[in-house]
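We're numbering straight along the sequence, starting at 1.
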Amino acid sequence: MKPLVLALCLPLLSLSTATLAQTPVAVAPSAFDALAARADRYLPGNINSLITDLDVRARFTSDGKSVVYRLGAKGQGRLMLADPVTATGRELATEAALTPLLVAQGAKIDGVADMRPLDFDPAKGTLRLSAAGREWTLDTASGKVTAVEPAPKVAGVVSPDGKSRVIARNYNLWLVDTATGRETPLTSDGNYDRRYGQNYPMLGAMAAANSETPEMSVSAQWTGDSKRLLTYRLDRNGSYIWHAVQQNPPGSRFPREFSYVYPTAGAKDIPQLHPVVIDIEATRAQKPALSLPNVPAQSLLWPGDPLLYWDEAGHIIYEWQARGYSEIALYEADPETGKAQVRVREALKPNVAVTSSALRNAPEWGGYLAISERSDWAQLYLIKRGEDPNGGKAITRGNWEVLTIEHITKDGPALITGIGREAGVNPYFKSLYRVTMDGRISNLTPEPLDHEVKVSDDGQWFIDRMSSPTVPTRTLLRRTSDGQIVLELGKADPSALLATGFTPPEPFETLADDGKTKLYGMIHRPAYFDPSTTYPVIENVYTGPTTHRFGESYEDNMIAGTNALAQFGAIVVTIDGRGTSQRGKAFRSSAWQNLGEVGLDDHIWVLKAMKAKYAYFDLDRVGVYGGSAGGYDTARFILRRPEFYKVGVASSGNHDLRLDKAWWPEVNMGNADDATWERNSNMSVAAHLKGKLMLIHGDIDDNVPVVASLRLSDALIKAGKPHELVILPNTNHAVMQPFYWRKLSGYFYENLISKAE
């Protein structure tokens with residue numbers, strides 16, 4: 001999914017043709033293998049090397065005064081430095097010249113190394129870069145290359161004055177004196193069910209460490225004067241303890257079992273998180289030192305640290321959400337007294353949408369900023385310190401969405417990103433805006449394209465990668481005062497790719513059945529496409545609702561596994577129906593407690609519109625595939641619309657939402673009753689299967705447990721429905737590997753593509 005979404009739409013990884021050929025498939029070897037070789041050429045890792053300067057890896061230097069970037073085709077790279085003030089760029093080094101220097105220093109490089117510039121120190125004239133799996137520095141005056149030795153790993157969190165650090169051991173926190181190594185306990189009542197400063201380890205981390213207590217980082221924040229520590233206590237609260245078996249652990253002939261805590265959707269009891277303040281001086285004096293601010297506990301919906309931090313005045317800022325996302329609030333607490341106040345509150349019906357809401361402390365503007373959907377569109381609001389937390393002043397207005405706050409200037413403008421504001425522009429294209437406290441707004445990226453931006457720390461410049469599904473990426477350096485282009489850093493050149501016969505993807509739009517709502521999709525065709533031939537159609541699905549599927553940038557669509565799958569002789573499409581995010585509350589609302597049905601008929605409607613425009617779409621042969629929530633979608637599409645979708649490959653699917661981590665289902669389902677959960681389960685419609693369905697899952701998946709696919713398989717068996725179940729050993733949520741790719745492509749070739757032969 002997009003930044004924050006954990007149930008991800010899974011891309012296809014780069015695989016070599018030789019590796020693919022190792023796994024047999026029950027189809028005609030000559031025809032399939034020839035197609036597999038061509039498909040391999042267009043897998044993401046391979047197709048990327050055929051587009052020069054698609055991503056020039058531009059980033060601001062640590063002093064914020066320059067930009068480092070890379071230009072050139074693979075093996076012909078130049079490492080560059082741009083100066084925004086003088087609007088000039090200059091070459092610092094070439095990959096060809098650096099490669100032998102790196103080899104002389106022990107780097108293992110076959111051919112010319114692929115390098116990434118990381119930083120530049122103008123005082124020393126040194127470039128920091130990564131190559132051959134590690135970091136290096138180049139003295140640009142002498143040409144000397146030096147390996148950067150990794151900093152010694154220090155356990156725990158070091159205080160700002162360097163005199164202490166805090167570590168975790170046996171579920172408690174300890175203070176370690178840097179000079180003497182003396183340890184002082186900060187907490188003493190920690191145990192498996194009550195732990196401090198650390199969350200629950202994930203199953204994958206346990207399997208990797210062969211331990212239920214793998215090494216984990218400590219979550220603790222010091223005040224600037226090193227006198228207080230902000231952390232949390234996590235209580236299991238009777239939540240269920242899961243058990244998993246790794247059947248084929250490396251290095252052992254016997255299976256391993258792990259027990260772990262995984263908060264699940266709809267469960268009555270899930271862990272509770274309490275912010276904790278520790279007075280370090282009181283600890284040293286052996287006085288009571290631990291206190292809990294007067295704020296409500298946070299239900300842990302996913303094993304991750306809370307939004308908890310010190311503000312500029314030394315107060316505690318804590319973001320809390322109600323179970324089911326009926327409300328979110330930003331608290332400010334006094335660490336001395338523990339007294340807390342709600343500074344911002346969002347309480348919307350039916351829920352607060354996580355993709356259209358955000359709360360932020362904003363001392364630069366004397367208060368707090370909220371991205372809120374209270375107008376049915378995600379807009380920016382300012383709540384001054386001491387004002388009604390339910391109120392605030394609308395800084396932006398309109399039927400469009402504010403996405404992020406990139407920079408705030410004290411008493412000056414803020415830089416925000418948004419989509420859908422400009423008339424006549426694709427509503428998924430992002431733009432960067434400059435907005436003042438009185439609501440004046442200007443578009444710093446007026447070109448009708450998608451703009452992926454990085455803003456410098458001082459807020460004066462930004463890097464803009466602008467493109468569209470059909471317009472190659474241009475990477476620009478621009479001013480934030482007016483959006484003026486200072487320097488073009490690079491432009492993508494796909495000529496080597498197009499010379500292979502590659503057919504570029506095509507965006508598609510049509511009106512929904514209401515005659516007014518636009519729906520969008522992308523069409524991926526095989527190389528050497530022949531419009532006089534009919535092609536089966538395969539949809540790569542992910543219906544959200546916490547994201548959208550339409551790839552708005554050039555890179556999204558060129559570096560996509562959909563292109564590789566199309567080479568087997570199919571048209572592969574992606575579609576956004578209603579129910580997805582970032583098109584406003586009304587567009588998304590049909591997903592609420594309706595994940596089992598949302599978008600289904602919109603997707604079929606768009607496919608029929610594509611067929612009306614392009615006669616070579618064979619809608620008698622339609623397949624579907626996806627991963628994670630897209631795996632859930634794949635199964636529900638083929639089970640709930642069996643007359644239309646004939647073949648499906650569902651990987652890592654959360655087929656019963658009550659077997660998924662709490663946060664993803666509950667942001668879409670709220671506090672649903674059992675009947676509603678059951679209605680949205682794929683198991684409830686298992687008996688509807690008519691076509692071909694393959695379920696694929698990793699056995700140590702700690703995002704969506706493998707039990708979800710096993711339960712759906714069991715339901716299909718009980719209903720007498722033939723299907724295939726593939727369990728991948730020692731595999732987590734990301735199932736992409738040679739065997740998976742071979743199974744996926746072979747299944748569609750055998751059951752859908754070759755049927756017309």
Side-chain angles (χ1 to χ4, degrees), residues 1 5-7 9 264-267 301 322-326 348-357 373 376 378 512-514 517 519-520 539 541-550 575-607 624 626 628-645 648 650 653-688 704 708 712 715:
M1 306 189 167
V5 180
L6 296 176
C9 188
T264 43
L301 305 182
R323 189 86 186 268
Y325 288 88
S326 59
L348 303 174
K349 293 184 181 299
N351 72 329
V352 179
V354 295
T355 52
S356 301
S357 305
E373 208 176 36
D376 293 341
D513 56 6
D514 63 5
T517 303
L519 302 176
Y520 293 82
E539 181 178 354
V541 66
Y542 193 98
T543 62
T546 49
T547 185
H548 61 261
R549 187 66 186 86
F550 182 83
I575 295 168
D576 271 312
R578 283 167 289 194
T580 56
S581 66
Q582 299 178 330
R583 294 279 301 275
K585 186 176 181 179
F587 191 88
R588 191 190 63 252
S589 62
S590 58
W592 175 249
Q593 296 189 343
N594 188 38
L595 299 183
E597 285 288 328
V598 66
L600 278 166
D601 295 323
D602 276 352
H603 284 244
I604 294 173
W605 179 274
V606 173
L607 284 169
V624 59
S628 194
Y632 167 77
D633 290 332
T634 295
R636 73 185 181 93
F637 273 41
I638 202 168
L639 293 172
R640 295 178 187 266
R641 299 296 185 271
E643 303 299 333
F644 192 83
Y645 292 95
N654 53 336
H655 300 294
D656 189 309
L657 303 173
R658 292 162 293 187
L659 296 172
D660 197 2
K661 67 268 174 194
W663 90 268
W664 192 92
E666 290 188 9
V667 300
N668 308 303
M669 297 285 289
N671 297 315
D673 57 27
D674 286 343
T676 303
W677 287 112
E678 181 65 22
R679 189 178 70 247
N680 286 274
S681 169
N682 283 339
M683 287 66 154
S684 67
V685 288
H688 294 182
V704 177
L712 179 55

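Just one residue in the list Glu373, His548, Gln582 forms a side-chain hydrogen bond (donor to acceptor under 3.5 Å, both in side chains) with Arg588, and that residue is Glu373. Evaluated for a side-chain contact (heavy atoms from CB on, under 4.5 Å) with Pro350, the options Met669, Gln593, Lys585 yield exactly one hit, Lys585. With Arg578 as the partner, the side-chain contact (heavy atoms from CB on, under 4.5 Å) test is satisfied by one option alone out of Asp514, Val598, Asp601: Asp514.
Not one N or O on the side chain of Asn351 forms a donor-acceptor pair closer than 3.5 Å with the backbone of Asn668. A donor-acceptor pair under 3.5 Å is formed between the side chain of Ser589 and the backbone N or O of Ala586. The main-chain N or O of Ala512 is never found under 3.5 Å from a side-chain atom of Asp602 such that the two would form a donor-acceptor pair. Between the Asn680 side chain and the Gly596 main chain, a donor and an acceptor come within less than 3.5 Å of each other.
Looking at residues two or more places apart in sequence or on another chain, you find no salt bridge (charged side-chain N to carboxylate O under 4.0 Å, His left out) involving Arg583. Residues satisfying the salt bridge (charged side-chain N to carboxylate O under 4.0 Å, His left out) criterion with Glu597, sequence neighbours excluded, are Arg640, Arg641. In terms of the side chain to side chain donor-acceptor pair (under 3.5 Å) criterion, Arg679 has no residue partners (sequence neighbours excluded). With sequence neighbours excluded, no residue satisfies side chain to side chain donor-acceptor pair (under 3.5 Å) with Ser357. Judged as a salt bridge (charged side-chain N to carboxylate O under 4.0 Å, His left out), and not counting sequence neighbours, Asp674 has no contacts. With sequence neighbours left out, the salt bridge (charged side-chain N to carboxylate O under 4.0 Å, His left out) criterion links Glu539 to no other residue.
Closest heavy-atom contact between Pro545 and Gly579: CB-O, 3.1 Å. Across all non-hydrogen atoms, the minimal contact from Ala715 to Ala686 is CB-CB, 3.8 Å. Nearest heavy-atom pair across Trp664 and Leu657 is CZ3-CD2, 4.1 Å. Closest non-hydrogen pair, Ala591 versus Leu595, comes out as O-CD2, 3.6 Å. Annotation for His603 and Gly577: closest pair NE2-N, 3.6 Å, computed over non-hydrogen atoms. Scanning both residues, Trp677 and Ala265, for their nearest heavy atoms gives CH2-CB, 3.8 Å.
Annotation: the span from Leu600 atom CG to Ser590 atom OG amounts to 10.5 Å, rounded to 0.5 Å. For the atom pair CZ (Arg658) and OG1 (Thr264), the distance works out to 11.0 Å, reported to the nearest 0.5 Å. For the atom pair Asp656 CG and Leu712 CG, the distance stands at 9.5 Å (nearest 0.5 Å). Here Leu301 contributes atom CG and Tyr325 contributes atom OH; the two are 4.5 Å apart, rounded to the nearest 0.5 Å. Separation of atoms CZ (Phe637) and OG1 (Thr634) is listed at 8.0 Å; rounding is to 0.5 Å. Between the CG atom of Asp633 and the NE2 atom of His655 there is a distance of 10.0 Å, given to the nearest 0.5 Å.
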Could you walk me through whether Asp576 and Phe587 pass the side-chain contact (heavy atoms from CB on, under 4.5 Å) test, one step at a time? CA-CA 11 Å; Asp576 271 312; Phe587 191 88; 5.6 Å; no
What verdict does the side-chain contact (heavy atoms from CB on, under 4.5 Å) test give for Ile575 and Leu607, after you've listed the backbone C-alpha separation in whole Å, the side-chain angles of each residue and the deciding distance to 0.1 Å? CA-CA 9 Å; Ile575 295 168; Leu607 284 169; 3.8 Å; yes
Test Thr547 against Thr355 for side-chain contact (heavy atoms from CB on, under 4.5 Å), laying out the working first. CA-CA 7 Å; Thr547 185; Thr355 52; 5.9 Å; no
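Put simply, the side chain of Ile604 reaches to within 4.5 Å of the side chain of Tyr645, judged on heavy atoms. Between Thr580 and Phe550 the shortest side-chain heavy-atom distance does not fall below 4.5 Å. Taking the side chain as every heavy atom from C-beta outward, Lys661 and Asn654 never approach each other to under 4.5 Å.
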